[in-house]
Each structure stands twice: as C-alpha cells, then as structure tokens.
Amino acid sequence: MAAAPKTCAIIGAGAIGGFYGLLLHKAGHRVRFLVRESPRWEALQKLLLEKGWHLGCSAEPSWEAVMQPKDVPDCFTTDPAKALAGVDYVLVATKRTENMAVHEKLMRHNITCPVVFLQNGINICKPLGEVPYQAIETVVLFNAVNDMEAGKIILTQERSDAKLILDAKQPASAELAEILNNTGVVAKADPEFAAIQSGKLRVNLINAVNALSGMTIEPMMGQAGYRLVLAEIVSEAMAVFNRAGIHPKDARTPYLTGEMYIWLLRAPQWVYHRTLARQVRGRGKGRTSMAQDLIAGRVPTEIDFLNGEIARMGKEYGIPTPANDKIIELIKEAERKNAGSPNIPPDELARQIGASPGHQALSVVLLVGALLVLSVALFVAWL
C-alpha cells in the first residue's frame, strides 16, 4: 500500500535536491523548495514558469518526472516560514559549507521532524552538536546533471542504480527509505552505514584532483600522473581509516578493497584500461562537483570536508598526510584566485604531491609476482 502523502521541504534546488523533489512531486507528495533570493533564482524561476521542471534518465529516454509550470508557485518559496511550516521531512541538498546557516534556520523555525542531509563526506552532523530534530546522514550513490538552461535534470545511469543509503541507527530512516523506494529509485537504511559512508569518501577524493586538472573525468583518469596522485591521497586515507578502526566499503563495487583500488591506480596503463577505466567510461564530459564549483566561481569548495577530513583525522591519530595537505593547499590557492581550474598538468601535479613513478614500477613487480604464483598453482593443480 502506498504511503500517505507527506509534506517535504527541500533546501537547495540543485541536481540532487531537484532529483528527489521531482520524484516526490511525481509520487503525489507535497514538495516545497526553499531557495535564496538571487539573480540565479530569478532566471530559474522565469524558465520554470515557462517550461516547468523536468527530470529525465539517459538510460531510459521514455521516462520522466515533470513539475508543470502551474505548480511552480506552490512548490518554490524564498520564505523559510512558508517552506518549513508543518513539514514531515526536511531534505538538505546544499553544500556543506552552508550547514551551520541551515541549522540556525531550522532552529529559528522550531523544526523537530527528521532532517535528511544529502551531502558528501563523513561526520556531517557532528559540527551541529545536540539538535532537537532527528539528523539523518546519507550516502548518495549516483550522478545527476542539472541543465538550468533547459529546465531539466538528467540522471546519467539506470534508475535501479540510483541508490541512497541512509543511516539505519536513526529511527525515521526506514520509513523514509520506503517512501523513496515507492518513487521508483532505490533507498536503503543500512546498518553498515559508517563503512559505506567512509567508502564514498574514499571515492570522493577524486574530486579535488579533477578540479586541479581542468579536465573532464574520463580523459583525466587516462593520464597515469593523475592516477598516481589519486593513489597517494587514497593511500593516506586508508592509513588513517585503519588507525581509526574504520573499514570502508564501496557499496557499488564491494569486492574492490582500498588496497586493490590503490594498486590498480598505480598499475600499468593496459591494466587500468581493462579494470578501473570501465567505471568512468561514458563520463567523458562529466566533472566532479568541486571542479564545477571552481569553474563557476562558487567558492569556497567542499575541500575541508573531503581531503580536509582525512588531514584532520591524520592529526588526531598521528598519521602524516602530506599529499592530502598539498592538495588542500592547491585548492585553497585556486579558491583565493577564483579564476577557475589551475589546469595543473599530470606530471607537475604528481611532482608537487610527491607521487613517485617508483610506486608504479612496484605495481608491475607485484603483478608479475602474482601471475607467477597463479601459474605455479595452476601447474600443481594440473599435476
């Protein structure tokens, strides 16, 4: 039986907020987007009143969720009191740099319902301290592109692969997962949430490398220098996680351990093309959110909540993180200049990070050793 319609406030009308807002609207729930007065909102409002707002899926061209132009005035407001009055859920889809301001807004309007944070990183709610509402952290496991000029959001993969993982420790997570599952995408309250969240952080360490490269994701990952940089910062992250007793889990590819991921990043080009390259294939025109922020001049970025979290934990547990420290320094410099990506070439970035090509040679040695062991084992089995 379908759940009774809920009233949901969504703070942030970007790709992720719009994705879930349009799905909930299509499913018959009452949706109110809280947006900030700005020239950007005025332009978007004019477009939506003319064309409506569309959600599509590149893998399913015939499917869409639509907010008609006539529904826009009731679904958008710049007034927090109107957006938050009598809501059952609040979904926060802003950058993490805005969380304290969002929290203060929720406090001013006496919000006690569950508040769901659709954001990257770990320890998302920790800086907020004790709160009167149920703060639910999540892991967003999909990519959506917001084409403002067309009034359209595009999911760039199968809907069945668009997953949201919620912290099962929070009582409201199970009900919200059921509501979202009924919209046609996958949501799950997972007891292994901490492992999945740290696994997503490990994946998100690519964001800063992509932002510094100036390239789109697929061709960037085809450059050995950038992969060596990524291997170095992920290696530091794994050392920190191990000391902290955290065991990251990649919800999409659970067989790919952190150690295996690092090894594949450092492996020869032909090994990369037969393994990790398949994960980024089709994302040739895609950029990470941090890269998009730098290009658009939306600073500060979320570097403090990604590589910055690794550096912070490194200090806490006595693990040096020089590669992550340098990445943070380079991103902060780009933020200060606010002139887009610094377009650092792969070999130059690897040199600055201290990512040695010797690591790649070691991967070759390990590969040859593994093949020899496998050959001997097969020979013995044949005997």
Side-chain angles (χ1 to χ4, degrees), residues 96 120-123 197-215 217-218 220-244 246-250 253 256-267 272 275-277 279-280 287-291 293-294 300-335 341-360 362-363:
R96 279 186 63 180
N120 286 329
I122 62 177
N123 299 318
Q197 190 180 47
S198 58
K200 179 67 186 310
L201 174 56
R202 185 180 73 196
V203 171
N204 285 145
L205 293 177
I206 192 177
N207 288 20
V209 181
N210 185 233
L212 293 169
S213 76
M215 300 178 70
I217 295 171
E218 187 174 346
M220 182 203 80
M221 287 296 289
Q223 298 289 323
Y226 290 131
R227 296 201 306 275
L228 287 174
V229 170
L230 184 55
E232 203 69 23
I233 60 178
V234 171
S235 181
E236 291 180 357
M238 290 303 299
V240 169
F241 288 147
N242 289 337
R243 179 66 62 88
I246 297 172
H247 305 288
K249 175 183 176 182
D250 190 328
T253 52
L256 186 63
T257 65
E259 292 74 14
M260 187 184 299
Y261 181 48
I262 294 165
W263 186 88
L264 290 172
L265 288 170
R266 289 173 173 161
Y272 166 75
T275 53
L276 292 181
Q279 291 187 330
V280 297
R287 300 178 190 270
T288 64
S289 57
M290 192 180 299
D293 285 344
L294 271 190
T301 67
E302 293 187 307
I303 188 68
D304 288 338
F305 308 108
L306 300 178
N307 303 76
E309 185 68 26
I310 300 303
R312 185 197 65 76
M313 291 177 67
K315 289 183 177 67
E316 180 181 348
Y317 291 101
I319 302 292
T321 58
N324 280 278
D325 294 342
K326 186 62 179 181
I327 287 284
I328 295 165
E329 178 188 324
L330 292 170
I331 289 291
K332 296 281 188 182
E333 183 181 347
E335 290 176 352
S341 170
N343 301 317
I344 303 175
D347 292 344
E348 172 59 19
L349 186 58
R351 185 192 65 78
Q352 292 195 46
I353 297 303
S356 169
H359 289 147
Q360 194 168 33
L362 178 60
S363 287

Any side-chain heavy-atom pair of [X] and [Y] under 4.5 Å:
X: P322; Y: E236; result: yes
X: L265; Y: M221; result: yes
X: K200; Y: Q197; result: no
X: L276; Y: R227; result: no
X: L256; Y: L264; result: yes
X: Y261; Y: L230; result: yes

For the atom pair [atom1] ([X]) and [atom2] ([Y]), what is the distance rounded to the nearest 0.5 Å?
X: N204; Y: T288; atom1: CG; atom2: OG1; value: 9.0 Å
X: D325; Y: I233; atom1: CG; atom2: CD1; value: 11.5 Å
X: T321; Y: E309; atom1: OG1; atom2: CD; value: 11.5 Å
X: I319; Y: N242; atom1: CD1; atom2: CG; value: 8.5 Å
X: L205; Y: I327; atom1: CG; atom2: CD1; value: 9.5 Å
X: Y226; Y: D347; atom1: OH; atom2: CG; value: 9.0 Å

Minimum-distance pair of heavy atoms, taken over all atoms of [X] and [Y]:
X: G225; Y: A350; value: O-CB, 4.0 Å
X: S198; Y: P248; value: OG-CA, 3.3 Å
X: M313; Y: I122; value: SD-CD1, 3.8 Å
X: K326; Y: Q352; value: CE-OE1, 3.5 Å
X: P342; Y: L294; value: CD-CD1, 4.4 Å
X: P346; Y: Q223; value: CG-OE1, 3.8 Å

*Are R202 and F241 in a cation-pi contact, defined as NZ or CZ under 6.0 Å from the six-membered ring centre and within 45° of the axis?*
no
*For the pair I310 and L201, evaluate side-chain contact (heavy atoms from CB on, under 4.5 Å) and give the outcome as yes or no after the intermediate values.*
CA-CA 9 Å; I310 300 303; L201 174 56; 4.0 Å; yes
*Hey, which of M260, E259, R266 is the one that makes side chain to side chain contact (heavy atoms under 4.5 Å, CB included) with I262?*
R266
*I331 and its side chain to side chain contact (heavy atoms under 4.5 Å, CB included) partner, picked from L306, N307, T301*: T301
*Determine, stepwise, if the pair L330 / L349 fulfils side-chain contact (heavy atoms from CB on, under 4.5 Å).*
CA-CA 10 Å; L330 292 170; L349 186 58; 3.6 Å; yes
*Any chance you could lay out the side-chain contact (heavy atoms from CB on, under 4.5 Å) test for N210 and R287, step after step, and finish with the verdict?*
CA-CA 7 Å; N210 185 233; R287 300 178 190 270; 3.7 Å; yes
_Checking N123 against R312 for the side-chain contact (heavy atoms from CB on, under 4.5 Å) test, could you report, in this order, the C-alpha distance in whole Å, the side-chain angles of both residues, the deciding distance, and whether it holds?_
CA-CA 12 Å; N123 299 318; R312 185 197 65 76; 3.8 Å; yes
*Give the C-alpha distance, both sets of side-chain angles, the deciding distance and a yes or no for salt bridge (charged side-chain N to carboxylate O under 4.0 Å, His left out) between K332 and D304.*
CA-CA 10 Å; K332 296 281 188 182; D304 288 338; 2.9 Å; yes
